[in-house]
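This one's a predicted model, so the numbers in the text were calculated from it and none came from an experiment. Naming: A, B, ... by sequence-line order, numbering from 1 per chain. Computed over heavy atoms, backbone and side chain alike; hydrogens, waters and symmetry mates excluded.
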Amino acid sequence: MVSKLRPVRGTRDTWGEEARRATHVVDCFRSVCERYGFGEISTPIFEFSEVFRRTLGETSDVVSKEMYTFEDRGGEEITLRPENTAGIARAYVSEGMQQYGVVKLYAFGPMFRYERPQKGRYRQFHQLDVEIIGAAEPEADVELIGLAQTLLEDLGIAGRVHLELNSLGDSESRAAYRGALTKYFKTFQKVLSEDSRARLERNPLRILDSKDEGDRQLLEKAPHMSDYLNAASKAFLERVRAGLDEIGVAYKINDRLVRGLDYYTHTAFEFMTTDLGAKGTVIGGGRYDALIGQMGGPETPGTGWAAGIERLAMLIAELPALRRPIAMIPLGDAATLKASAIAYRLRGKGWYVITAFRGNLKKRLARAAKNKARYAVILGDNELAKGVVTLRDLDSEEQKEIKLAQLETELTAEP
RNA sequence: GCGGGUGUAGCUCAACCGGUUAGAGCACUAGGUUGUGAUCCUAGGGGUUGCGGGUUCAAGUCCCGUCACUCGCCCCA
């Protein structure tokens with residue numbers, strides 16, 4: 001293959017059935033979001049790098065490692081969005097949405113991360129995103145989880161996915177737990193894996209999902225988040241649980257489920273599957289009460305989730321059937337000209353029409369059948385002379401001659 | 001960024017121990033009287049064996065490098 005005639009590493013072309021799967025996921029998502037009273041927002045796929053740096057922390061070397069950052073011709077430092085929450089939070093501030101009180105938004109589109117591709121992880125990938133901004137109530141979290149559950153049910157994959165829930169508490173609880181965890185692991189520093197020793201300095205909560213066997217044994221005796229939640233944090237979690245119980249969404253408490261960054265508070269949840277290789281999270285989200293303040297906006301609570309479209313698409317067993325087209329099959333030059341006009345008119349009135357201009361009749365019919373056409377409209381020069389067409393039912397294999405003027409009524413009568 | 005595996009036609013794969021012109025199935029195109037979908041028959045297009053170098057009389061096959069894909073790790077906003 002010519003060296004540059006290929007997609008850039010970590011990107012891919014999506015077409016055919018794969019494209020239909022992705023579209024179906026987005027269609028369902030949109031429908032569910034509208035039912036929940038969410039409004040669509042579309043933010044730019046790039047922002048000033050500052051927008052992401054502020055939310056993710058200047059010091060994090062991960063940020064510079066995994067972001068697609070470049071300088072544009074005007075000398076501005078730009079980054080392709082690695083996720084959607086920061087952009088939406090920025091829009092919330094830029095657009096003065098505080099005036100509306102609570103806003104409920106949904107979005108979807110491409111995200112970019114410069115990382116080594118592996119199964120279901122690409123450098124350009126696509127996410128669904130919902131956010132409730134301005135609501136500090138646990139009911140907002142419940143509503144978002146309910147929305148996710150409805151989406152999974154509409155997609156027909158709820159049975160292959162389970163929900164795990166945790167609370168990271170408020171900043172006080174979180175700091176207390178972090179301290180306890182650090183203290184515990186310090187005593188085992190020598191036996192910790194190399195990766196986890198580094199985490200101990202940077203991000204001790206991350207040790208909780210270490211894959212190292214030795215680390216995992218140490219984890220059994222490690223302090224539990226739930227023991228460090230203060231009264232307010234416990235009450236918050238109880239409200240979320242009560243809400244989920246009431247709407248009937250099943251979940252499992254997993255107090256090893258964490259979020260690394262400090263602006264995350266209270267609720268953290270993931271819908272997981274075991275059907276997709278190593279990384280089983282299909283939908284992940286939680287509350288980020290400290291994010292907008294940290295970005296430089298007014299202190300504003302927020303909660304939301306994101307889901308990988310590719311991953312959801314892979315889980316769908318069956319797509320809804322496509323609408324079946326009508327195949328226009330002309331034979332002969334004059335008929336071909338006329339057939340284009342008939343197809344044009346039908347399409348203008350809403351019919352789904354495909355045309356077959358090549359090959360003999362046999363091949364054209366075969367192609368029509370392959371495209372799942374319901375009817376073939378055969379128009380040869382002899383039909384043309386009589387002002388009729390042959391309408392063939394491709395399922396029953398019966399056909400009849402009808403007047404051209406009758407075509408639309410015939411098609412309507414036999415949908 | 002780190003480690004393992006794999007690269008032959010659009011897809012799935014074959015080609016002995018290194019041996020002469022790299023094959024098959026599927027798919028695609030055309031034909032089997034410009035009028036009927038299957039099956040069938042015939043023909044055809046499509047490959048610098050990922051790329052570059054090396055060893056050899058001879059490389060798809062062995063060696064080195066590189067690129068890509070893939071699985072995992074780090075990380076996951």
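- Of the side-chain N and O atoms in Lys363(A), none sit less than 4.0 angstrom from OP1 or OP2 of U36(B).
- What separates OH of Tyr68(A) from C1' of C76(B) is a distance of 15 Å, to the nearest Å.
- Of the nucleotides present, G50(B) is the one that pairs with U66(B) by Watson-Crick or G-U wobble criteria, both distances under 3.5 Å.
- Straight-line distance from the CG atom of Leu365(A) to the C1' atom of U36(B): 5 Å, rounded to whole Å.
- Base pairing of G31(B): its partner is C41(B), meeting the Watson-Crick or G-U wobble criterion (both donor-acceptor distances under 3.5 Å).
- In terms of modelled atom types and a separation under 3.5 Å, the side chain of Ser210(A) and the main chain of Ile207(A) share no donor-acceptor contact.
- Looking at heavy-atom distances under 4.0 Å, Thr85(A) makes no contact with the nucleic acid at all.
- If you measure from atom CG of Leu331(A) to atom C1' of U34(B), you get 7 Å, rounded to the nearest angstrom.
- The same atom, C1', is picked in U56(B) and in C64(B); the two are 16 Å apart, to the nearest Å.
- Across all strands, Ile329(A) comes closer than 4.0 Å to no nucleic acid atom at all (heavy-atom distances).
- One interatomic measurement links the two molecules: NZ of Lys362(A) to P of G37(B), which rounds to 5 Å at whole-angstrom precision.
- Residue Gly285(A) is out of contact with every strand shown, counting any heavy-atom pair closer than 4.0 Å.
- Atom C1' of G5(B) sits at a distance of 29 Å from the matching atom of A27(B), rounded to the whole Å.
- Closest contact between the side chain of Leu394(A) and the listed nucleotides G37(B), U36(B), U70(B) involves G37(B).
- Between Asn360(A) and G32(B), a side-chain N or O to OP1/OP2 separation shorter than 4.0 Å is present.
- Residues Ala373(A) and Leu394(A) approach most closely at O-CD1, 3.4 Å, considering heavy atoms.
- Put simply, CE on Met67(A) is 17 Å from C1' on G1(B), counting in whole angstrom units.
- Summary of the strand contacts: Asp381(A) and Thr11(A) both lie near RNA chain B, and taking for each the nucleotide with the nearest heavy atom, the more 5' one is attributed to Asp381(A).
- Position along RNA chain B of the nearest nucleotide to Asp395(A) versus Tyr122(A) favours Asp395(A) as the more 5'-ward residue.
- With hydrogens and angles ignored, a donor-acceptor pair under 3.5 angstrom links the side chain of Gln399(A) to the base of U36(B).
- Closest approach to the Tyr264(A) side chain among A77(B), G37(B), G1(B) is made by A77(B) (side chain taken as heavy atoms from C-beta onward).
- Between U48(B) and G23(B), the two P atoms lie 15 Å apart (nearest whole Å).
- In this structure, CD of Gln127(A) is placed 10 Å from P of A77(B), rounded to the nearest angstrom.
- No side-chain donor from either of Thr265(A) and Asp170(A) sits under 3.5 Å from a side-chain acceptor of the other.
- When rounded to the nearest whole Å, the span between CZ of Arg9(A) and P of G50(B) equals 18 Å.
- G54(B) and C76(B) have their P atoms separated by 46 Å, given to the nearest Å.
- When the side-chain nitrogen and oxygen atoms of Lys211(A) are compared with OP1 and OP2 of C73(B), one or more of them lie within a distance under 4.0 Å.
- Taking a pair to require two hydrogen-bonding distances under 3.5 Å in either a Watson-Crick or a G-U wobble arrangement, G10(B) pairs with C26(B).
- Remark: G3(B) base-pairs with C71(B). Criterion, Watson-Crick or G-U wobble with two distances under 3.5 Å.
- For Tyr114(A) and Tyr68(A), the gap between ring centers is short of 6.0 Å.
- Between A22(B) and G45(B), the two P atoms lie 14 Å apart (nearest whole Å).
- In terms of phosphate contacts, Arg206(A) brings a side-chain nitrogen or oxygen within less than 4.0 Å of OP1 or OP2 of A77(B).
- Two rings, from Phe269(A) and Tyr251(A), have their centers 6.0 Å or more apart.
- Judged by distance alone with a 3.5 Å cut-off, a donor-acceptor contact links the side chain of Arg392(A) to the base of U36(B).
- In this entry the distance linking CG of Asp13(A) with C1' of C69(B) reads 15 Å, nearest Å.
- Residue Arg367(A) places none of its side-chain N or O atoms closer than 4.0 Å to OP1 or OP2 of G37(B).
- Closest approach to the Asn203(A) side chain among C76(B), A38(B), C75(B) is made by C76(B) (side chain taken as heavy atoms from C-beta onward).
- Heavy atoms of Glu383(A) sit under 4.0 angstrom from at least one base atom.
- Between the side chain of Glu131(A) and the backbone N or O of Ile133(A) there is no donor-acceptor pair closer than 3.5 Å.
- Distance check on atom C1': A15(B) versus G19(B) gives 12 Å, rounded to whole Å.
- Distance check on atom P: U20(B) versus G32(B) gives 40 Å, rounded to whole Å.
- No side-chain donor-acceptor contact under 3.5 Å links Tyr122(A) and Glu115(A).
- Proximity of a side-chain donor or acceptor of Arg311(A) to a complementary backbone N or O of Thr281(A) within less than 3.5 Å is detected.
- Closest contact between the side chain of Arg113(A) and the listed nucleotides G1(B), U36(B), C76(B) involves C76(B).
- Comparing A77(B), G72(B), U36(B) by their nearest atom to the side chain of Arg116(A) picks out G72(B).
- On the P atoms, U12(B) is 35 Å away from U55(B), given to the nearest whole Å.
- Under the Watson-Crick or G-U wobble criterion, with both distances below 3.5 Å, C76(B) is left unpaired in every strand shown.
- Ala86(A) comes within contact range of no nucleotide atom at all, as no heavy-atom separation falls under 4.0 Å.
- Under the 3.5 Å distance criterion, the side-chain polar atoms of Ser196(A) are left unmatched by any main-chain donor or acceptor of Leu192(A).
- For the OP1/OP2 pair of C75(B) and a distance below 4.0 Å, the side-chain nitrogens and oxygens of Arg199(A) include at least one atom meeting the criterion.
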